[in-house]
Amino acid sequence: MNTQQLMDLDHQYLVQTYGRNPIALDHGLGATLYDLEGKEYIDFASGIGVLSLGTAHPKWLAAVTMQAAKLGHASNLYYTQPYAQLAEKLCTRSGMSAAFFGNSGAEGNEGIIKLARKYSFDKYGKGRGTVITLHRSFHGRTITTLAANGQEVFHQYFFPFTEGFRSADPTMEAIQEVAGHDVCAVLLELVQGEGGVLPMDKEFVQQLAQLCEKRDWLLLVDEVQTGIGRTGTLFAFQQYGIQPDACSFAKGIAGGLPMGGFLVNEKCRNILGPGTHGSTFGGNPVSAAAGCAVLEVLDDATIAQVKEKGAYIRQSIEDMHLPCLGKTRGLGLMIGIDVAEGYNNKELCAKLNVAGLLTLTAGTGLRFLPPLLITQEEMDKGLSVFHDVLSKV
Ligand SMILES: *Cc1c(COP(=O)(O)O)cnc(C)c1O
């Protein structure tokens, strides 16, 4: 099958919910991918921040194939080793107390929203189910997480949405304005991903954490994109000097396999008891074994290199002084690049993709989420395509 034949097949038999690039990826190794015709691409996207170890990492591959051969699924009515071992690794390295595993980021966020509402219900009864979110946030595409998203563009078509979300600008004044007696939690990303790679101000986050404590609101951090080493620490909250009551994770956790979930602190470990929450596929042994391999490869020393790599990529781009671009920002290997007025981020991204550098957009800019293990050579190859393409637009 060639690319055109595959595109035709896709268009005939798939619901067309995605604006795909005219590229048919076939295989790869690390941060280097190949399409059906054998053309090479440097991966500055990792899927969308999913391939934390890159493609086909030997330790990941061994863990996945061995677990698949042993036990590919068990229901949550039984104990399985990878599930408990992954939970232990996550809790030990994050200072959190217990984990729940589902399958996606939106599901992880649904879980912590349920957690906050039940925490509040158990203690205060009905009428305290509102969650404050932030403008420009993104928490998922289920009916509830769409409602949570602090971007109007997500609040169309699918009425009625879940009630009980109120969004505010990331300032203490704006939070105080929406802080009614009906609030049970604040949910935020520490670096807003889809919204444009927008890191939160540290002082704001710490003041917000204090307010949560004072009002007995749960502090919920959406680490779906920022988690699992992406920003240079296992979780971004570890750089913000806060410890959330709960955080969600997904994208990078299983190195490419579907998995999401959340971690809770000691105060919240017993809020969701038997029968209150669950998932048929959640904590699948193959995904969990993959997660264990990801966390073993991403030890503290490896994660520490994430910041250096991010700084190198950002400095290289700033040094190019390309007229179509503005400033860079971000944390670790979560990088946003402003696009200058008169240029369109989606057009620039599409040009880069077909020229052999897989990139993403976010907000009105470009976004890089390369595999955390990307090599110096791969970074330089990618940056060279970047310069070639964008110096000619
Ligand atoms: C991608 C993302 C989600 C949604 O994850 P899915 O796995 O697509 O449900 C939620 N929150 C953030 C911050 C994300 O980046």
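Every heavy atom of this structure was used, including side-chain atoms; hydrogens, water molecules and symmetry mates were not. Note that ligands are numbered from 1 as they come in the structure, with each ligand's atoms numbered from 1 the same way.
By the 4.0 Å N-to-carboxylate-O rule, Lys327 lies too far from Glu318 to be salt-bridged with it.
In the hydrophobic clustering, Leu6 connects to Met1, Leu9, Tyr13, Leu36, either directly or through intervening members, whenever side-chain heavy atoms lie under 4.5 Å apart. Cluster partners of Tyr79 are absent, since no Ile, Leu, Val, Met, Phe, Trp or Tyr has side-chain heavy atoms less than 4.5 Å from it. Other members of the hydrophobic cluster containing Phe138, listed by chain and number, are Ile143, Leu146, Val153, Phe154, Tyr157, Phe158, Phe159, Phe161; membership follows side-chain contacts under 4.5 Å among ILVMFWY residues, whether direct or relayed.
The structure places OH of Tyr78 at 15.0 Å from OH of Tyr83, a figure rounded to the nearest 0.5 Å.
A donor-acceptor pair under 3.5 Å links the side-chain atoms of Arg230 to the main chain of Leu333, judged by distance alone.
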One pair per line, please: each N/O atom of ligand 1 matched with every protein N/O atom under 3.5 Å away, atom names first, then the distance to 0.1 Å.
| from | atom 1 | to | atom 2 | distance (Å) |
| --- | --- | --- | --- | --- |
| ligand 1 | 7 (O) | Gly105 | N | 2.8 |
| ligand 1 | 9 (O) | Gly105 | N | 3.4 |
| ligand 1 | 9 (O) | Ala106 | N | 2.8 |
| ligand 1 | 11 (N) | Phe138 | O | 3.2 |
| ligand 1 | 11 (N) | Asp222 | OD1 | 3.4 |
| ligand 1 | 11 (N) | Asp222 | OD2 | 2.8 |
| ligand 1 | 15 (O) | Gln225 | NE2 | 2.7 |
| ligand 1 | 15 (O) | Lys251 | NZ | 2.6 |

